Every structure is written in C-alpha cells, then in structure tokens.
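In what follows, a structure is listed as structure tokens, so that the remarks can point back to it.
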Amino acid sequence: MTEKADLQSVLDRAAEGGRITPEEALDLYRSAPLHALGSAADAVRRRRYAGTEHIATYIIERNINYTNVCVTACKFCAFYAAPKDTRKSWTRDLDDILRRCAETVELGGTQIMFQGGHHPDFGVEYYEEHFAAIKAAFPQLVNHSLGASEVEHMARISGVSAEEAIRRIHAAGLDSFAGAGAELLPERPRTAIAPLKESGERWLEIMEIAHGLGVESTSTMLMGTGETNAERIEHMRMIRDVQDRTGGFRAFIPYTYQPENNRLKGRTQATIFEYLRVIAIARLFFDNVAHIQGSWLTTGKEVGQLSLHYGADDLGSIMLEENVVSSAGAKHRSNRQEIIDLIRKSGRVPAQRTTTYEHIVVHEDPADDPVDDRVVSHISSTAIAGGTAHPELKLLSAN
Ligand code: SF4
C-alpha cells in the first residue's frame, strides 16, 4: 500500500499527464479521496481538450437489436433466448431493419449499432448481406456495431479466420466495432459471468487484428457483477497494453451491471461512488485512449452529469431504440433536449458529435436549441414484454 504522501505524488504525476502503473492505479482506486481523484481526472481532461474543454458531447444513434437468439447464455444476460425457445425468441427481417435505419436518418441520427445474440445460423454471410444492404440504402449512416465476440462466433459458423471475417464485414459496410462483449477481461470474473464466451485474451487479440486492418473500436467494461477492484484495474491494464500497440480504441466506456431478470444471484449493482471512481481512474490510467464516456443509461442522468466532472468528456448516445440494458432494469430515458439541458446544467456546452468525435453542432446558445423532440430514447416494447435483458451496451457507450 502506498503511503499517503506517495499517493499524492502519484496523483500529481497522473494529473500532469504522466503514466501510472496498474499497481499505482489500484492504490489510487482504493485509497485516494473521491474529490481528489475527480479533480486530477478533470485536470487531465481539460489539458487533453485544451481549447474545447468547455464542451461535452453526445451522439444520436439507433441500436438495432436484430435477434435475441443466442447460444452463449451469459449469466448476467436476460435478453437472450435459447434457440429452441420459440415463445421468447425473435429475429428481425431485413425490411424491418432497413425501416429502422430510415427512421434513424429521418430523426437526425448519424450512427447505427447492430447488437444481438450469437445466433447459431448467423455466419459471416448474414452480416455481409445485411451490412451491404444498409450501406447501399443509407450510405450516410455510420455502422458502428458488434465486437470481438460476434466475430469469433460468426467466423466459427462460417469456418473462416477472424481476420477473414473482419475483412469481409468491413468490405460489406461495417465502419467500426462497438466493442461489445468485453464484459470483464480477466479470467476469473469472465468465467463466472460468461463461461461460454471467448477468453479475454482472445477478445483483445481479435480487436488487435481489427485495428491492424483499419477497423477502429471503442472498449467497454461491465462493472458490478462481483469482480474485485484489482480485477477492474487488470481489465484496464489489458486494454491499455493493446492500445499501446494499435492506438485503435477510440474510447473507454465503463457501465454498471443491471441486476433484474438474469441468472446472477446475490449480486448488487456497483454504487455511484464506485462508478465515479472508475471513471476518474480510467481518465488517469488511459493516457493513450482519447475519450472516456459517461453512461447515463445505466447510472442515471445526474450521475452522467457528475461523470463530466470526473474525467468523462462524452455522454454517449441518445438511443432511438435500446432493448438490451433496458430489459435488465436500466430505466433512464431521455430526449435530445434533456441531454442538452443536463450537459448545460453540468457547466458544459453540449455538442452533437459523429462516431469519430467531430462536432456536428455545438449548442452554444439555448435560443438555438433544436425543437424536434421526436428524438426520444425509445425502449422497445418487444423486449420488455418478453421480460428480457442484455446488459451489453456500448456501450454503450458506447459507445
Ligand atoms: S450477453 Fe450477448 S452473448 Fe451473452 S447471452 Fe446475452 S446476447 Fe448472448
């Protein structure tokens, strides 16, 4: 354990942009006062975004949950249906998906996020066909979807390498990976909650292949399923090591486990304080990742606001549809004006951004705010009626 004076010197070094070790990060996480962590993380954010440090961003996107059929049966997930469960399972057809894309464009959305189960019949060909159709019809929509888990699954179904799967879906229309499926990368907590998923090392290996092929991604962390503080830091360490080699992770998006409707018993959600500590530590630890995203969907709007003072520079998406986290108990909804207001009330100027974080519109003057309140985060009745849940966002925030 680091002495108090040494803890302060580590914090000072981190605040000035110096690299901290995983051990130092764990000491800070365990022992530094919350306000000191937040202050240091905010100093890092302000320096990184000098000139635009007064801005906090959001994006308008649509999650397209294409199927809930899944063979992976993660214990924390209540979104999925087993392939034989015809009462619960559903799959959207291409027309339905294209209609959702059209609505996204109409409402000013710039991004879609394909997110669904590991369907036993969906190989690379399924994604090629769907991504090509979407890109042909809506070339203006950025397809920021899937993650290493889906790549591993589709490659196995089609009998090809992960590299070939990535090349093909990228050529068909995938722009970047949302980083789904990271959950917790260290072996013990990953096996405890997602025993049939690929290992954390394999998840990172596939993301590294993707980055090498020019397909960037975000990265996520699911927190609150019983992992230790050391395992949270180890998760970040594993991502930072890959990022040192590839530079392909655009953002880190921690989000909290939602405890309803799944098979993880006796787990309690991470507290607000734990979440804010993670946001701050992430900003201090990831000297090589540009963006830290606050996740208001799972933590609530007020905590989202607070996260902007603990190192986050982005609040992720106003999601036009989200069936996954919402089904596991996340009940927070918003429309564009609410997100603009909450960013403004946290002392920042809101800006709508692209997938690659360019500012589309900076809402400097409240008198110029958009008046179209059709842009409402919509929780589909399909999943709620089914009592389902799937905390794999990307992400949220993710995405
Ligand atoms: S989290 Fe994803 S991979 Fe795991 S069971 Fe749910 S849908 Fe399947």
Side-chain angles (χ1 to χ4, degrees), residues 63-85 88-92 113-123 126-127 144-157 162 165 177-185 187 189-200 202-203 206-207 217-227 235 253-265 267 295 297-298 321-330 380 382-384 386-399:
N63 264 28
I64 296 182
N65 300 121
Y66 52 97
T67 184
N68 70 344
V69 177
C70 188
V71 294
T72 304
C74 301
K75 293 182 184 172
F76 61 86
C77 176
F79 171 78
Y80 80 93
K84 286 183 183 160
D85 189 349
K88 258 182 80 176
S89 63
W90 48 265
T91 297
R92 301 196 193 290
M113 190 160 82
F114 237 58
Q115 183 185 38
H118 295 169
H119 193 295
D121 299 331
F122 290 0
Y126 169 88
Y127 295 96
H144 177 70
S145 298
L146 310 181
S149 296
E150 286 86 357
V151 170
E152 179 81 337
H153 178 73
M154 73 174 81
R156 190 184 310 126
I157 299 287
F177 282 115
E183 326 302 6
L184 287 148
L185 296 169
E187 184 181 352
R190 189 173 187 82
T191 306
I193 63 173
L196 300 183
K197 257 188 180 137
E198 73 290 331
S199 69
R202 180 61 178 157
W203 190 93
I206 292 172
M207 297 315 285
S217 70
T218 50
S219 58
T220 59
M221 179 171 82
L222 171 62
M223 55 181 290
T225 62
E227 74 281 1
H235 177 99
I253 310 165
Y255 65 102
T256 55
Y257 160 67
Q258 303 297 303
E260 292 179 19
N261 305 324
N262 61 50
R263 295 183 294 129
L264 274 188
K265 304 291 180 210
R267 306 299 210 283
S295 173
L297 180 69
T298 57
E321 175 175 347
E322 205 295 302
N323 293 327
V324 171
V325 190
S326 53
S327 310
S380 160
T382 310
I384 292 172
T388 56
H390 173 323
E392 210 177 68
L393 180 55
K394 265 56 160 105
L395 318 55
L396 186 230
S397 140
N399 57 137

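The figures here come from the full heavy-atom set of this structure, side chains too, leaving out hydrogens, waters and symmetry mates. Small disclaimer: the values here were computed from a predicted structure and weren't measured. When a ligand or atom number is given, it counts from 1 through the structure's own listing order.
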Numbered atoms of ligand 1 (with element) below 4.0 Å of [X], judged on heavy atoms:
X: His118; answer: 3 (S)
X: Lys197; answer: 1 (S), 3 (S), 4 (Fe)
X: Phe76; answer: 1 (S)
X: Cys70; answer: 3 (S), 5 (S), 7 (S), 8 (Fe)
X: Gly117; answer: 7 (S)
X: Cys77; answer: 1 (S), 5 (S), 6 (Fe)

Inset, instruction - Measure from atom 6 (Fe) of ligand 1 to each N, O or S atom of Cys74 and report whether any distance is below 2.8 Å. - result: no
Legend entry - Interatomic distance, Tyr127 atom OH to His153 atom NE2 [nearest 0.5 angstrom]: 6.5 Å
Inset, instruction - Give the contacting part of Ala73 toward ligand 1: side chain, backbone, both or neither, where contact means a heavy-atom distance below 4.0 Å. - result: backbone
Inset, instruction - Of all the heavy-atom pairs spanning Val71 and Pro83, show the shortest one and how long it is. - result: CG1-CG, 3.7 Å
Legend entry - Nearest non-hydrogen partners of Leu184 and His235, listed with the distance: CA-ND1, 3.5 Å
Legend entry - Min side-chain heavy-atom separation Glu183-Pro189 under 4.5 Å: no
Legend entry - Met154 vs Tyr126 side-chain heavy atoms within contact, under 4.5 Å: no
Legend entry - His118 side chain to Thr72 side chain, donor-acceptor N/O pair below 3.5 angstrom: yes
